[in-house]
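All values derive from a computational prediction rather than experimental measurement. Just so it is clear: chains get the letters A, B, ... in the order the sequence lines come, proteins before strands, and each one is counted from 1.
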Number of protein chains: 2
Amino acid sequence: MNAIKIPDIIIGRLPIYLRALQLMVEENIQTTSSQELGAHVGISAAQIRKDISQFGEFGKQGTGYKITFLIDKLKEILKIDRIWDVAIIGAGDMGRALARYQGFVNRGFRVVMVFDNDKSKIGQAIGEFVIQDMENMTEELKTRNIKIAMLTVPAPAAQKVTDLLVKAGAKVILNYAPVSLNLPEDVRVQYIDPATHLQRMTYYMV
Amino acid sequence: MNAIKIPDIIIGRLPIYLRALQLMVEENIQTTSSQELGAHVGISAAQIRKDISQFGEFGKQGTGYKITFLIDKLKEILKIDRIWDVAIIGAGDMGRALARYQGFVNRGFRVVMVFDNDKSKIGQAIGEFVIQDMENMTEELKTRNIKIAMLTVPAPAAQKVTDLLVKAGAKVILNYAPVSLNLPEDVRVQYIDPATHLQRMTYYMV
DNA sequence: TAGATTGTTAATCGATTAACAATC
DNA sequence: TAGATTGTTAATCGATTAACAATC
């Protein structure tokens, strides 16, 4: 369908544009320009125009972009013009925080299950969920056709659990464990590890 | 001191190398090669050698890198051969999870304070901390010379709180709020927003 | 010594920026 | 119409990879 392959670095900027545009809508702004959007997200106007134009001609010379229209297009491109079911694996502090996180609303995701292997946790409630036995994870994910997982298990367990997730058909993993994961080519991962993120900034400290 | 400027993209990979090397140490491995390390983190051997060689000649032809030595060097380069005090701003679910997170040990950071502006939370305990009044934040950060903050306040408050942090002398911010922050040039930020991270992966879903 | 692996150079590949015709 | 701003091309800039002499 897409004639040319879009670089991943461009895909990575689209959610940032989207977030800024949605903020503008909340402020009742109707229209914006690459210049203005760039100022909001700290990216050059030229780059924003180039990025967006990969997918079509969504703007108008002289007037810029109609925000609601651009939002719809970006959502469609990113395939978040729908709601994806997400499973949380690991009901520690981080898993619990994510289970109760309100920030997925209107952004394309909804948590539907929380798993843990700790017998003393299984059956407990977190927010609106009941912690389920990890023994049943593979089966449950398959049955409910869940493709997205947030991984909040301890680091030593992360690779093993990941292998199970892959077997269960997961294609997208948000990994909170501080380890690099080994994955087949068709499974994507993003790493969220506070220490690693901090470590890449301290270099610049005077 | 550094004659040439090192690209940020290289700095960003060093913590990943470091994490993998520390894992190797735990497995009692003494020595590694760019090839082997690359296999662990999913980066080409050539790139790893190039990255590391920006900072000195840390390897030996024929035998590779002595892991403990390389770890020490990387820590020194990243300025995490010390312990940085970190403040958590916002005692919601995410702030609480971070306050109790055990993953900072041995990685260069230690949480020392948690702030919130909710009167009903102030004075409460989270793990080993007592939630402090955000009114006192600027003063406390200055007094204790804290340069690093993890921002876990609601999105609408993030920019305002950030401005306060900057005034208080913060140079590094880990932002969990789903908004782009406006910052002076000498203050660094990394964004940790689960929805944004997921959104950049759904594009590849079939 | 022979094999392995670094550090580095040159070649390639990819991303960003500047500039401007087109046009709203 | 005049001013503004897009989409796109060409130029620049930067990052990655391939290859290999040096050497442990």
Side-chain angles (χ1 to χ4, degrees), chain A residues 2-17 20-21 24 29-74 77 185 200 203-204, chain B residues 2-17 20-21 24 29-74 77 185 200 203-204:
Chain A
N2 289 331
I4 44 146
K5 204 196 161 288
I6 311 284
D8 181 63
I9 197 159
I10 292 185
I11 302 302
R13 282 190 293 259
L14 301 186
I16 303 190
Y17 302 159
L21 291 165
M24 289 178 186
I29 306 172
Q30 319 280 317
T31 279
T32 192
S33 63
S34 57
Q35 182 82 54
E36 187 182 49
L37 180 56
H40 275 273
V41 297
I43 292 176
S44 80
Q47 186 159 80
I48 288 179
R49 290 202 302 280
K50 191 118 203 276
D51 287 353
I52 293 175
S53 71
Q54 305 295 310
F55 305 95
E57 307 195 354
F58 299 152
K60 273 201 178 52
Q61 288 98 325
T63 58
Y65 302 92
K66 192 179 165 233
I67 294 176
T68 55
F69 177 76
L70 187 52
I71 287 176
D72 286 347
K73 285 298 177 185
L74 289 177
I77 292 162
E185 279 230 332
R200 74 174 285 174
Y203 171 80
Y204 297 96
Chain B
N2 289 329
I4 44 146
K5 202 197 163 290
I6 311 284
D8 180 65
I9 197 159
I10 292 185
I11 302 302
R13 283 191 292 260
L14 300 187
I16 304 192
Y17 302 158
L21 292 165
M24 289 179 185
I29 306 171
Q30 320 280 318
T31 279
T32 192
S33 64
S34 57
Q35 183 82 53
E36 187 182 49
L37 180 55
H40 275 274
V41 297
I43 291 175
S44 80
Q47 184 157 82
I48 288 178
R49 290 202 302 281
K50 192 118 204 275
D51 286 353
I52 293 175
S53 71
Q54 303 297 310
F55 305 95
E57 307 197 353
F58 300 152
K60 273 202 179 49
Q61 288 99 326
T63 58
Y65 303 91
K66 194 180 164 231
I67 294 176
T68 53
F69 177 77
L70 187 51
I71 287 176
D72 285 347
K73 285 299 178 185
L74 290 177
I77 292 161
E185 279 229 332
R200 74 174 286 174
Y203 170 81
Y204 298 96

To the nearest angstrom, the CD-C1' distance between B:Gln47 and C:dT6 comes to 16 Å
Report yes if a side-chain nitrogen or oxygen of A:Arg13 is closer than 4.0 Å to either non-bridging phosphate oxygen (OP1 or OP2) of C:dT16; otherwise report no. yes
Rounded distance (Å) that lies between atom P of D:dA19 and atom CD of B:Gln61: 20 Å
Please state how far atom CD in A:Glu57 lies from atom P in C:dT23, giving the value in whole angstrom units. 10 Å
Here the distance between atom P of D:dG7 and atom CG of A:Asp51, to the nearest Å, is 12 Å
Whom does D:dT16 pair with, Watson-Crick or G-U wobble, provided both distances fall under 3.5 Å? C:dA11
Let me know, please, whether B:Phe58 or A:Lys60 comes out on the 5' side of the other along DNA chain C by nearest nucleotide. B:Phe58
Could you tell me which nucleotide pairs with C:dA21 by Watson-Crick or G-U wobble geometry, both distances under 3.5 Å, or answer none if nothing does? D:dT6
Whole Å only: how far is the NZ atom of A:Lys50 from the P atom of C:dG14? 13 Å
Under 4.0 Å between a side-chain N/O of A:Arg49 and OP1 or OP2 of D:dG7, yes or no? no
May I ask you to check whether over 12 heavy atoms, not counting those of B:Gln30, lie within 6.0 Å of atom CD? no
Carefully, step by step, assess A:Tyr17 and A:Leu70 under the rule side-chain contact (heavy atoms from CB on, under 4.5 Å). CA-CA 10 Å; A:Tyr17 302 159; A:Leu70 187 52; over 6 Å; no
Rounding to an integer number of Å, can you tell me how far B:Ile43 CD1 sits from D:dA18 C1'? 18 Å
To the nearest Å, how far apart are B:Ile52 CD1 and C:dT6 P? 8 Å
Decide yes or no on side-chain contact (heavy atoms from CB on, under 4.5 Å) for B:Arg200 and A:Asp8, but give the supporting numbers first. CA-CA 8 Å; B:Arg200 74 174 286 174; A:Asp8 181 63; 2.9 Å; yes
Are A:Ile77 and A:Ile6 packed together at the side-chain level, in the sense that at least one heavy-atom pair is separated by less than 4.5 angstrom? no
Would you indicate, yes or no, if C:dG7 has its OP1 or OP2 atom less than 4.0 angstrom from a side-chain nitrogen or oxygen of B:Tyr65? yes
Look at B:Ser44 and D:dT16 and indicate whether a side-chain polar atom (N or O) is within less than 4.0 Å of OP1 or OP2. no
Tell me, with the steps shown, if B:Tyr203 and A:Ile10 meet side-chain contact (heavy atoms from CB on, under 4.5 Å). CA-CA 11 Å; B:Tyr203 170 81; A:Ile10 292 185; over 6 Å; no
For C:dT6, take OP1 and OP2 only and decide whether either is under 4.0 Å from a side-chain N or O of B:Ser34. yes
Between P of D:dG14 and CD1 of A:Ile9, the distance in whole Å: 14 Å
